[in-house]
Amino acid sequence: MTQNVQFDTVSVVKKANVYFDGKCVSHSIVLADGTKKSVGVILPATLTFNTGAPEIMEGVAGACRVRLKGETEWKTYGAGESFNVPANSAFDIEVSGEPYHYVCHFG
């Protein structure tokens with residue numbers, strides 16, 4: 001996946017998505033072709049997210065550890081790295097130190 005520094009020609013939902021008492025905050029965007037994404041930040045915490053659609057989580061800044069549903073091993077991801085989460089699944093994410101900035105690409 002190529003690393004874009006910005007998205008052009010997008011619609012932004014003004015109201016933020018706030019999860020886990022503010023430990024994760026994102027904004028939903030829709031590109032001109034109808035593609036949906038969210039752009040956000042996760043503060044230091046260990047959280048569990050459930051997925052409906054498949055997701056690709058692209059790291060923009062910071063780092064995290066991730067454990068996909070059904071797996072025992074944690075994997076580390078940093079800026080410029082991505083991980084895939086299947087539809088109708090879940091993942092644990094741990095952020096320590098600086099916040100993890102991400103773009104979530106919905107499939």
Side chains of residues 88-97: which donor-acceptor partners sit under 3.5 Å, not counting sequence neighbours?
unit_1	atom_1	unit_2	atom_2	d
Asp92	OD1	Thr48	OG1	2.6
Asp92	OD2	Arg67	NE	3.1
Asp92	OD2	Arg67	NH2	2.8
Glu94	OE1	Arg65	NE	2.7
Glu94	OE1	Arg65	NH2	3.4

Apply the test side-chain contact (heavy atoms from CB on, under 4.5 Å) to residues Val39 and Ile29: give CA-CA distance (whole Å), side-chain angles for both, the deciding distance (0.1 Å), then the verdict. CA-CA 8 Å; Val39 178; Ile29 62 173; 3.9 Å; yes
So, His101 side chain and Gly59 main chain: donor-acceptor pair closer than 3.5 Å or not? no
Expected output: side-chain Ser26 to main-chain Val41 donor-acceptor under 3.5 Å: no
Student check: side-chain heavy atoms of Val103 and Phe7 closer than 4.5 Å: yes
So if you build clusters from Ile, Leu, Val, Met, Phe, Trp, Tyr with side-chain heavy-atom gaps below 4.5 Å, do Tyr19 and Ile42 land together? yes
Evaluate Leu47 against Lys23 for side-chain contact (heavy atoms from CB on, under 4.5 Å), listing each step before the verdict. CA-CA 9 Å; Leu47 310 171; Lys23 290 181 175 71; 4.3 Å; yes
State, to 0.1 Å, how close Thr51 and Ala53 come at their nearest heavy-atom pair, and which atoms those are. CB-O, 3.6 Å
Under 4.5 Å between side-chain heavy atoms, counting indirect links through other Ile/Leu/Val/Met/Phe/Trp/Tyr residues: same cluster for Val18 and Tyr100 or not? no
CG-NZ distance between Leu68 and Lys75, expressed to the nearest 0.5 angstrom: 6.5 Å
How long is the gap from CE on Met57 to SG on Cys104, to the nearest 0.5 Å? 5.5 Å
Ring centers of Phe83, Tyr102 separated by less than 6.0 Å: no
Are Val12 and Leu31 connected in a single hydrophobic cluster, I mean Ile/Leu/Val/Met/Phe/Trp/Tyr linked by side-chain heavy atoms less than 4.5 Å apart? yes
With the side chain counted from C-beta on, respond yes when Ser28 and Asn17 share a heavy-atom pair under 4.5 Å apart, and no when they do not. yes
Any side-chain heavy atom of His105 within less than 4.5 Å of one from Glu55? no
Cys24 side, atom SG; Leu43 side, atom CG - distance, nearest 0.5 Å: 8.5 Å
Are Phe49 and Val66 connected into the same hydrophobic cluster when the rule is that any two of I, L, V, M, F, W, Y join if their side-chain heavy atoms are below 4.5 Å apart? yes
Following the transitive rule for hydrophobic clusters with a side-chain heavy-atom cut-off under 4.5 Å over Ile, Leu, Val, Met, Phe, Trp and Tyr, establish whether Ile56 and Val85 coincide in one cluster. no
